[in-house]
Structure formats: structure tokens, C-alpha cells
Q: 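I have a structure I would like to understand better, so I am pasting it below and will then ask my questions one at a time.
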2 protein chains.
Amino acid sequence: MVTIRDIARQAGVSVATVSRTLSEPDAVRAETRARVQEAVAAMNYTPNAIARQLRRQRKETIIVIVPDISNPFFSGIVKGIENLAHDMGYRVLLGETQGKQERLDYYADLVLTRIADGLILLGSLLPTMVQASVAAGQAPSIPLVLACERFDGLQCPTVGIDNVAAARMAVMHLVQRGCSKIATITGPADNSLSLDRAQGYREVLAAAGLPIDGAMMGEGDFTIESGFAAMNLLLDKGLGVDGVFCANDEMAIGAQQAVLSRGLRVPQDVAVIGFDDIRFGAFAYPPLSTIRQPVGDLGEAAMRALDEVLHKKPTEQQSVILPHELVVRGSTA
Amino acid sequence: MVTIRDIARQAGVSVATVSRTLSEPDAVRAETRARVQEAVAAMNYTPNAIARQLRRQRKETIIVIVPDISNPFFSGIVKGIENLAHDMGYRVLLGETQGKQERLDYYADLVLTRIADGLILLGSLLPTMVQASVAAGQAPSIPLVLACERFDGLQCPTVGIDNVAAARMAVMHLVQRGCSKIATITGPADNSLSLDRAQGYREVLAAAGLPIDGAMMGEGDFTIESGFAAMNLLLDKGLGVDGVFCANDEMAIGAQQAVLSRGLRVPQDVAVIGFDDIRFGAFAYPPLSTIRQPVGDLGEAAMRALDEVLHKKPTEQQSVILPHELVVRGSTA
DNA sequence: CTGAAAGCGCTAACAT
DNA sequence: ATGTTAGCGCTTTCAG
């Protein structure tokens with residue numbers, strides 16, 4: 001393996017000069033620089049980044065933790081993070097937890113072991129060490145940013161949208177369309193997103209003078225399959241559902257299939273609206289109405305927030321709320 | 001920052017003993033070990049993995065490069081890699097190229113700079129340095145495994161399925177179903193997967209005594225949108241297409257929508273079959289028939305192959321071919 | 001079983 | 001402008 005010493009010897013200079021040529025070329029006389037660069041090329045030298053990291057004490061690597069990479073919503077955010085991270089000179093390590101606490105802790109440990117500088121967390125699980133901080137009422141012990149859920153009592157920057165308002169917008173759309181028996185399929189009950197979206201649902205029903213009925217509220221786990229199952233349950237009750245607000249697009253796609261599989265029509269018999277605007281929604285049958293989240297921007301904002309945490313910049317705002325948008329397609333129109 | 005020296009001092013032993021306690025506890029007397037562990041706990045010490053990597057010259061980190069994370073096919077493979085990597089003690093850095101050579105080279109450089117040990121490559125682009133090796137007729141200069149495409153002339157392990165045979169199976173299914181005007185929508189022409197799948201298509205038509213007509217072969221880029229567009233083009237020609245084989249599921253979903261949007265029925269008027277069996281296919285309308293690739297196994301096989309390369313084990317076989325499977329759903333039945 | 005000491009490859013004072 | 005040198009935090013001979 002060729003090291004900086006080999007280059008130094010070859011070019012007839014000191015290792016310091018080689019190091020300078022590589023990191024601040026202007027600090028070296030042109031002629032010397034040329035000799036060094038020649039040696040570098042000749043010997044096919046690439047600096048050892050691990051050694052550099054050890055010396056500099058900066059890793060310029062961040063971890064992004066997602067529950068499930070194959071979820072287009074998460075991967076959209078990751079894409080936003082990646083783009084900006086790259087420009088800002090960070091590497092990104094992507095960790096998938098598949099909902100397992102053990103996996104999550106494993107990835108969070110990478111910042112303890114100095115592999116990475118900080119963490120961006122998507123999803124509803126918190127690393128054990130962070131839970132401990134929350135319990136103790138203190139700030140998390142590692143640089144951390146939350147990129148879609150919020151956790152009360154966790155002192156760290158959070159980026160997201162106003163889920164209550166967004167849910168309101170979705171349900172309002174159903175009301176305006178003339179639906180009066182509006183059901184909802186929520187995510188898991190321990191999830192802040194689920195809670196907020198269910199809250200928006202209730203607020204609109206109340207404001208519209210419609211009854212709020214627990215029997216009209218199904219629960220899924222954000223997968224297509226769970227949306228399909230939950231919708232079937234809802235339909236089985238024979239309550240005359242004529243519209244359904246699903247807490248994400250995947251469940252909405254499942255719900256649509258459930259409706260269609262009973263010979264009912266979407267949207268004539270049951271209007272369906274989802275949440276997220278994933279890529280497949282527009283090509284579902286019928287094309288899915290939804291709330292669009294600015295996934296790319298969410299990712300970038302999270303990256304920016306983490307960068308600020310890492311540089312201990314005055315944390316201007318603990319949370320950034322990005323705008324959402326109603327997208328009307330065939331499933332409600 | 002607490003280091004190994006702090007622990008040594010606290011426990012009244014040498015740093016060597018601390019190091020041993022941590023990596024080979026049995027080599028230390030029980031009593032000493034206890035003292036060290038106590039100090040570790042008391043001072044909340046976590047070893048610096050960067051320093052360890054520098055010393056040990058092993059990173060135990062691999063890079064997985066994908067063109068697009070939000071493609072469920074790739075993310076399925078990544079999931080397989082991740083699972084096994086974790087068990088084998090590797091970290092995985094995930095890089096998304098978005099089709100950009102520059103991004104690809106950036107990630108490939110991470111093994112040159114000793115951030116990572118090796119590379120698993122999905123997609124059809126090759127790092128510049130690897131292209132150079134191919135051109136020079138020599139083995140790639142970095143540990144490398146290909147996980148879905150093959151490249152003639154590249155001497156490295158490759159895992160995948162038999163794409164020609166799989167395509168044959170798909171088209172054969174269409175033939176057996178009674179289709180006689182079978183079109184295909186291929187991927188980009190510079191892609192080995194596209195080529196192989198188109199090849200299978202032709203072979204079946206030839207064997208069935210059906211004419212092979214360039215006008216029946218559309219080209220997409222593996223996105224839903226391109227499938228939609230390509231199918232419309234095909235339909236515009238008025239050739240009486242009654243079946244279409246798409247080189248992946250996303251294009252098939254787009255193609256289905258194109259058919260439906262013209263008031264034609266799937267599968268009665270046009271039967272549609274895709275490739276990959278992504279999660280959304282089963283919930284498309286109608287549910288999509290397809291060829292299932294064992295994505296998880298593909299990922300695991302790739303990880304295993306890379307591990308062998310990294311340990312310079314006798315490379316038993318340059319390539320592993322995994323079995324595929326026909327999945328019949330509503331779009332052809 | 002434990003300790004001393006020599007680095008891994010690089011950067012950053014500090015000299016010259 | 002360049003060189004010398006002391007580490008970054010850890011592992012690993014080699015002695016004892």
C-alpha cells in the first residue's frame with residue numbers, strides 16, 4: 001500500500017509538503033507542487049481517509065435511519081438528504097431498521113463509536129440511548145434530527161409538515177365532494193403521525209356537524225395489505241361508508257382494491273384519499289387523490305438542520321414545518 | 001472524550017489490558033477484567049472505531065450502489081444485502097447514483113480512500129476505474145460484485161437470474177393464453193437486462209411461429225411513465241396488439257394504465273405481464289402477472305460473494321444464477 | 001497474565 | 001516555502 005511517505009520520498013520532499021499539496025495546494029511553491037503531483041500520479045496514490053479522520057476528528061459521515069427503504073415516502077426523503085449531503089461534503093450511511101429496536105440501536109451506536117458524526121431519524125422508533133435522555137429530561141447525547149415524526153419531550157430539531165392541518169385538508173375535500181359517511185384508516189396508534197392525522201379527521205367531522213364514530217375508524221400499519229384488510233372490516237360493518245381518508249397512500253391503494261373487489265365503484269360509491277403522494281399513487285386505479293408532502297425538501301431541511309447541530313450553530317428554530325398540498329385525482333373526482 | 005488511556009488509569013492497568021478486555025476477554029484475569037469493565041461503565045466509554053480501523057486495516061464496511069433507491073426491486077435486493085451484512089459484521093454504506101457517472105465514481109472512490117472494503121453494484125453503470133480495467137482486459141482493481149446485470153469482459157462475481165429464460169417463460173405464458181399479437185416494451189438498449197429479456201421474447205415468438213416485428217417492440221427506461229408512453233405509441237400503430245411483455249413491473253403498470261385509458265380491457269383486449277414482482281404489482285389494477293425474482297436471495301448471494309472476494313477465498317464460481325418464477329394474476333388471467 | 005512501546009497514515013503546530 | 005515532530009486512539013508484538 002502506497003502511503004504519504006512513499007510519495008514524499010519519490011518527490012524528494014517531506015510528508016508535510018505532500019499533505020499540503022493535497023489539502024491546500026496554494027501553500028506550496030508551484031514547482032514543488034508539480035513534483036508531488038507527478039509522484040502521486042506515478043505511484044497511483046490515494047490518501048487514506050481513515051487516517052485523516054482519526055487525525056482530524058471529523059468523520060463527515062452521517063447516518064440516516066429508516067424503518068423501510070422500499071417505502072417510496074422514506075426513499076424520497078433519503079434522496080433529498082443524499083443530494084444535499086453530497087454537496088455539503090458528507091457521506092451518508094443508510095440504515096434500515098425494519099422496525100427492530102436492536103437494529104436501530106446498532107446504527108445509533110455508530111455515532112458513539114465515532115464512525116459517524118450524527119443521525120437523521122425517520123420513523124417512530126427512538127434509539128434506547130435517546131429514550132433514556134428523554135426520560136431523564138435532558139437533550140439527546142448524540143447529534144440528532146427528526147425528519148418526519150415529532151416526539152414530545154425530545155429536545156432536538158424536527159422537520160415535517162403540519163399533519164393535523166394536512167389531514168383536515170384531505171377530509172375537508174371529501175366533505176366538499178359531498179361525502180357524509182366518512183371513514184378513516186389510521187396508522188399504528190403509538191405513532192405521532194397517526195395521531196395527528198386522526199386528529200385532523202375528527203376536527204373536520206366536528207366542524208361539519210358530522211358524527212364522530214369509532215366504528216368508522218380503522219387501524220392499519222401503513223402497508224398496502226393492512227389498508228386492504230382495514231377497509232374490508234369497515235365495509236363489513238355495513239355503515240354506508242361513502243368516503244375514506246387513509247393515513248398514507250399505500251393503505252389507500254389497499255383500501256381502493258378492497259372497495260373495487262366488492263364490486264363497488266371508486267369514487268362513485270366510495271371516494272378514497274391517501275397521504276404522501278408516492279410515485280405509484282398517480283398510476284393506481286383509479287389514480288389516487290392525496291396530500292403531497294415535499295419529500296425532497298423535507299430531506300434537505302433535515303440535512304441542513306443536522307449540519308447546524310454538528311457545527312453547534314445557534315439552533316435558530318427547533319422545528320421546521322414545510323407546506324403540504326392537496327392533489328386531486330380520479331379516486332375522489 | 002474518554003479514551004482507552006482514561007480507562008487504563010481509572011482501572012489501574014495498562015492500555016493493553018483494557019484493549020484485551022474489550023476484544024478478547026478470556027485473555028485477562030477475571031478480577032482485572034472486572035475492574036476494567038467497571039471503569040468502562042463508570043466513565044461511559046465507547047471505543048473509537050476509526051482508530052481501530054486504522055490500526056487493524058480492516059473497515060468492515062461495504063458500499064452498495066444503486067441507481068435509484070425508490071425502485072422497489074433495488075430496495076428489495078438492498079434489504080437482502082443488509083440483512084446478511086449485519087450478521088456478518090459489515091456495515092453498509094448505500095449510495096444512490098441517480099444515473100450519474102460522477103456520483104458513481106464518488107462512491108467507488110470510497111474504497112480507494114479506505115473508507116470501505118468493497119463494492120456491490122446494482123444497475124448498468126460501471127465506475128470509470130472499472131471500465132478502465134475492462135478495457136485493459138484485467139480484473140477490476142477493487143473488490144467488486146455485480147448484483148443484477150452482467151458485463152461481458154468484466155472479471156468479477158455476478159449474481160442474478162437467467163433473464164433470457166425468464167423472459168421466455170413470461171412470453172410463453174402470453175402465447176399459451178392465446179395471444180398472437182404480442183408486443184414488448186424493453187428497457188434502454190444499452191442494458192444487458194433489456195437485451196436478455198428482448199432476446200427471450202424473440203425466441204418464443206420464433207418458436208411459436210409468430211412474426212417478429214420491430215414495430216411491436218417499444219422502448220422505455222424502466223419507469224412507469226415510460227411504460228405508459230411506450231404503450232400508447234404501440235397502440236397508436238393499430239397493429240391489434242393483444243398481449244404485451246414489459247421488461248419490468250413499473251413499465252407494465254404504466255402500460256396497463258395506457259390500455260385502460262383507451263377504454264380497452266386488461267386482460268380481455270390486451271393481456272399484460274411484467275417482470276420483478278414488486279410489491280405494488282399485486283395491488284395494481286388489474287393485479288399484475290409477472291416474473292418473480294428472488295430479490296432477498298439475490299442480495300444475500302451478492303453479500304456472500306463479496307465476502308469471499310474480500311477474504312480472497314477461492315472464487316468457486318464467477319456467477320450464481322438463482323431461480324425465477326412465473327406469477328399469474330389478473331392482468332393475464 | 002500484564003505492561004511497554006512501536007506504530008497504522010495522516011495533519012498541524014512549531015521551527016527553520 | 002518547507003521540514004521536523006508529536007500525536008489522533010487503538011492494537012499487537014515482545015518482554016517480563
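Labels below follow one simple rule: chain letters A, B, ... track the order of the sequence lines, proteins then strands, and each chain is numbered from 1. All of these numbers come straight from a predicted model, not from anything done at the bench.
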Q: In B/S/- notation, 5' to 3', how is nucleotides 9-16 of chain D contacted by protein heavy atoms closer than 4.0 Å?
A: BBBBB---

Q: Do any pairs count as a side-chain hydrogen bond (donor to acceptor under 3.5 Å, both in side chains) and have a residue in residues 113-127 of chain B, sequence neighbours left out, and if so which ones?
A: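 Qualifying pairs: none.
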
Q: Shortest non-hydrogen contact from B:P140 to B:C156?
A: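 Shortest heavy-atom separation between B:P140 and B:C156 comes out as CG-CB, 4.2 Å.
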
Q: What is the distance from CZ of A:R33 to C1' of D:dT2, rounded to the nearest Å?
A: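 A:R33 atom CZ is separated from D:dT2 atom C1' by 14 Å.
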
Q: Test of understanding: with side chain to side chain contact (heavy atoms under 4.5 Å, CB included), list the residues that count as partners of B:T97, not counting sequence neighbours.
A: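 For B:T97, the residues satisfying side chain to side chain contact (heavy atoms under 4.5 Å, CB included) (neighbours in sequence not counted) are B:I65, B:P67, B:R103, B:L104.
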
Q: Between A:G123 and A:F74, what is the shortest heavy-atom contact and its length?
A: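 Minimum heavy-atom separation between A:G123 and A:F74: N-CE2, 4.3 Å.
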
Q: With each end axis built from five pairs of C1' atoms, what bend angle do you get for the helix from C:dC1-D:dG16 to C:dT16-D:dA1? Round to 10°.
A: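 That helix has its two terminal axes inclined by roughly 40°.
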
Q: Under 30°, 30 to 60°, or over 60°: which ring-plane class applies to A:Y107 and B:H86, parallel, tilted or perpendicular?
A: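 Ring orientation of A:Y107 relative to B:H86: tilted.
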
Q: Can you tell whether the side chains of A:R304 and A:E300 come within less than 4.0 Å, N to carboxylate O?
A: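 Looking at A:R304 and A:E300, the cut-off is met.
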
Q: Salt bridge check: are A:E60 and A:R58 linked by an N-O gap of less than 4.0 Å?
A: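 Counted as a salt bridge, because a side-chain N and a carboxylate O are separated by less than 4.0 Å.
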
Q: Could you check whether B:R29 pairs with B:E31 (Lys NZ or Arg NE/NH1/NH2 to Asp/Glu carboxylate O, under 4.0 Å)?
A: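 Between B:E31 and B:R29 there is a salt bridge, with a charged N closer than 4.0 Å to a carboxylate O.
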
Q: Is A:Q101 atom CD crowded by more than 12 heavy atoms from other residues, nucleotides or ligands, each under 6.0 Å away?
A: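 Above 12, so yes.
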
Q: Name all residues meeting the salt bridge (Lys or Arg N to Asp or Glu O under 4.0 Å) criterion together with A:D297; count only those two or more places apart in sequence or in a different chain, and write none if there are none.
A: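 In terms of salt bridge (Lys or Arg N to Asp or Glu O under 4.0 Å), with neighbours along the sequence ignored, A:D297 is linked to no residue.
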
Q: At a heavy-atom distance below 4.0 Å, which nucleotide of DNA chain C is the first touched by chain B, and which is the last?
A: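 For DNA chain C, the relevant span reads C:dC1 to C:dG9.
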
